[in-house]
Student: 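Right, I'll just put the structure down here and ask away after.
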Amino acid sequence: MLNHLSIPQEFVLLALDRETNKLKSMFRMHVALYTLIACIMELSINGNVTFEDDDTVRISDSASTGEKYLDRLIEIMAAEKPKKLTKWVSYFYYRQKEIYKLVVESLVDKGVLEIENTVFY
């Protein structure tokens, strides 16, 4: 079951402290943003986005990935003009919680994670 996790899913699990079942202190402040960046990496590996020489990120394949969080990210990025990676990070700084929640929900759906409390941070 754990063999078929995406980079964002694995990152979310690595950010958790197994003893306390809470986020490790080093990730608490920006875990959602780091997860979002992991999603962009996953999209790049899958061929859904490409990086130009100047670091502009372009959607190269908007077909469904089968993962809600990746499909939602493609949808958001496709609705905007292409931006450099740093601009996407700035763009998502205040908007990344939606994607993070979708990644967490995907882990719950796979039975890998249980949520005992609705607070993600």
Side-chain angles (χ1 to χ4, degrees):
M1 174 173 34
L2 292 177
N3 294 341
H4 303 303
L5 297 179
S6 67
I7 294 169
Q9 290 170 327
E10 287 187 23
F11 176 79
V12 167
L13 291 177
L14 288 171
L16 293 173
D17 184 317
R18 290 183 180 202
E19 292 178 18
T20 65
N21 292 323
K22 294 181 180 181
L23 289 172
K24 294 175 184 171
S25 61
M26 64 189 280
F27 294 112
R28 281 191 196 123
M29 196 163 183
H30 299 294
V31 68
L33 188 60
Y34 298 154
T35 302
L36 185 115
I37 293 168
C39 288
I40 294 173
M41 289 174 28
E42 184 80 21
L43 290 174
S44 176
I45 291 168
N46 293 343
N48 298 95
V49 300
T50 56
F51 291 89
E52 295 180 355
D53 289 339
D54 67 350
D55 289 334
T56 298
V57 182
R58 291 196 184 274
I59 301 295
S60 55
D61 182 0
S62 59
S64 175
T65 65
E67 293 287 357
K68 289 179 189 177
Y69 54 93
L70 294 176
D71 291 344
R72 179 66 180 133
L73 188 57
I74 290 171
E75 179 184 331
I76 293 168
M77 293 175 78
E80 296 287 323
K81 65 180 183 175
K83 298 174 180 28
K84 292 185 179 191
L85 183 59
T86 55
K87 294 290 184 186
W88 278 119
V89 171
S90 296
Y91 176 87
F92 282 113
Y93 186 78
Y94 294 106
R95 299 174 184 91
Q96 78 275 1
K97 290 181 183 177
E98 173 190 6
I99 303 297
Y100 175 70
K101 288 178 183 178
L102 289 171
V103 174
V104 170
E105 288 172 8
S106 74
L107 288 167
V108 171
D109 291 345
K110 288 184 177 210
V112 175
L113 193 63
E114 261 183 45
I115 298 178
E116 297 174 358
N117 159 345
T118 58
V119 178
F120 288 110
Y121 294 75

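Numbers here simply count residues along the sequence, with the first being 1. Note that the structure is predicted; figures quoted are calculated from it, not measured.
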Student: Does either side chain, that of Tyr69 or that of Thr35, offer a donor lying less than 3.5 Å from an acceptor on the other one?
Tutor: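 Distance-only check fails for Tyr69 and Thr35.
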Student: Please examine the side chains of Leu43 and Ile74, heavy atoms only from C-beta on, and report whether any two atoms are closer than 4.5 Å.
Tutor: yes
Student: How far does CG of Leu85 sit from CD of Glu52, to the nearest 0.5 angstrom?
Tutor: 12.5 Å
Student: Are Glu105 and Tyr100 side-chain neighbours, meaning at least one heavy-atom pair lies under 4.5 Å?
Tutor: no
Student: Under 4.5 Å between any side-chain heavy atoms of Val103 and Gln9, yes or no?
Tutor: yes
Student: If every non-hydrogen atom of Ala15 is compared with every non-hydrogen atom of Val31, which pair is closest and at what distance?
Tutor: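 For Ala15 and Val31, the tightest heavy-atom pair comes out as CB-CG2, 4.0 Å.
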Student: Would you compute the distance between atom NZ of Lys68 and atom CD of Glu98 and round it to the nearest 0.5 angstrom?
Tutor: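 One finds 12.0 Å between NZ of Lys68 and CD of Glu98.
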Student: Between atom CD1 of Ile37 and atom CD of Glu42, what is the distance when rounded to the nearest 0.5 Å?
Tutor: 14.5 Å
Student: Indicate yes or no for a side-chain donor-acceptor contact from Asp61 to the backbone of Ala63 under 3.5 Å, with no hydrogens or angles considered.
Tutor: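 Looks like yes, one N/O pair under 3.5 Å.
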Student: Distance from Tyr91 atom OH to Glu80 atom CD, nearest 0.5 Å?
Tutor: 3.5 Å
Student: Got more than 12 heavy atoms from elsewhere within 6.0 Å of NZ, Lys87?
Tutor: no
Student: Tell me whether the rings of Phe11 and Tyr34 are parallel (<30°), tilted (30 to 60°) or perpendicular (>60°).
Tutor: perpendicular
Student: Does any donor atom in the side chain of Ser6 or Glu67 lie under 3.5 Å from an acceptor atom in the other side chain?
Tutor: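 No.
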Student: Under 4.5 Å between side-chain heavy atoms, hopping through other hydrophobics if needed: is there a path connecting Val108 to Leu13?
Tutor: yes
Student: Test Ile40 against every option in Ile7, Asn48, Leu73, Ile45 by the side-chain contact (heavy atoms from CB on, under 4.5 Å) rule and name the one that passes.
Tutor: Leu73
Student: Shortest non-hydrogen contact from Arg72 to Ile99?
Tutor: CG-CD1, 3.8 Å
Student: Does the Asp71 side chain pair with the main chain of Ser64, one donor and one acceptor, at a distance under 3.5 Å?
Tutor: no
Student: Can you get from Leu102 to Met41 by hopping between Ile, Leu, Val, Met, Phe, Trp and Tyr side chains that sit under 4.5 Å apart?
Tutor: no
Student: How long is the span from the CG atom in Leu70 to the CD atom in Glu75, to the nearest 0.5 Å?
Tutor: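 Rounded to the nearest 0.5 Å, the CG-CD separation comes to 12.5 Å.
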Student: Once the angle between the rings of Trp88 and Phe92 is folded into 0 to 90°, is it parallel (under 30°), tilted (30 to 60°) or perpendicular (over 60°)?
Tutor: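 Parallel.
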Student: Of all heavy-atom pairs between Gly47 and Ser60, which one has the smallest distance, and what is that distance?
Tutor: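 The answer is O-OG, 2.7 Å.
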Student: Is Lys84 close to Val57 at the side-chain level, that is, under 4.5 Å between some pair of heavy atoms?
Tutor: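 The answer is no, as the side chains (C-beta and beyond) never meet within the 4.5 Å cut-off.
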Student: Can you tell me how far the CD atom of Glu10 sits from the CG atom of Leu14, to the nearest 0.5 Å?
Tutor: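 Glu10 CD to Leu14 CG: 7.0 Å, rounded to 0.5 Å.
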Student: Do any N or O atoms from the side chain of Thr56 and from the backbone of Pro82 form a donor-acceptor pair under 3.5 angstrom?
Tutor: no
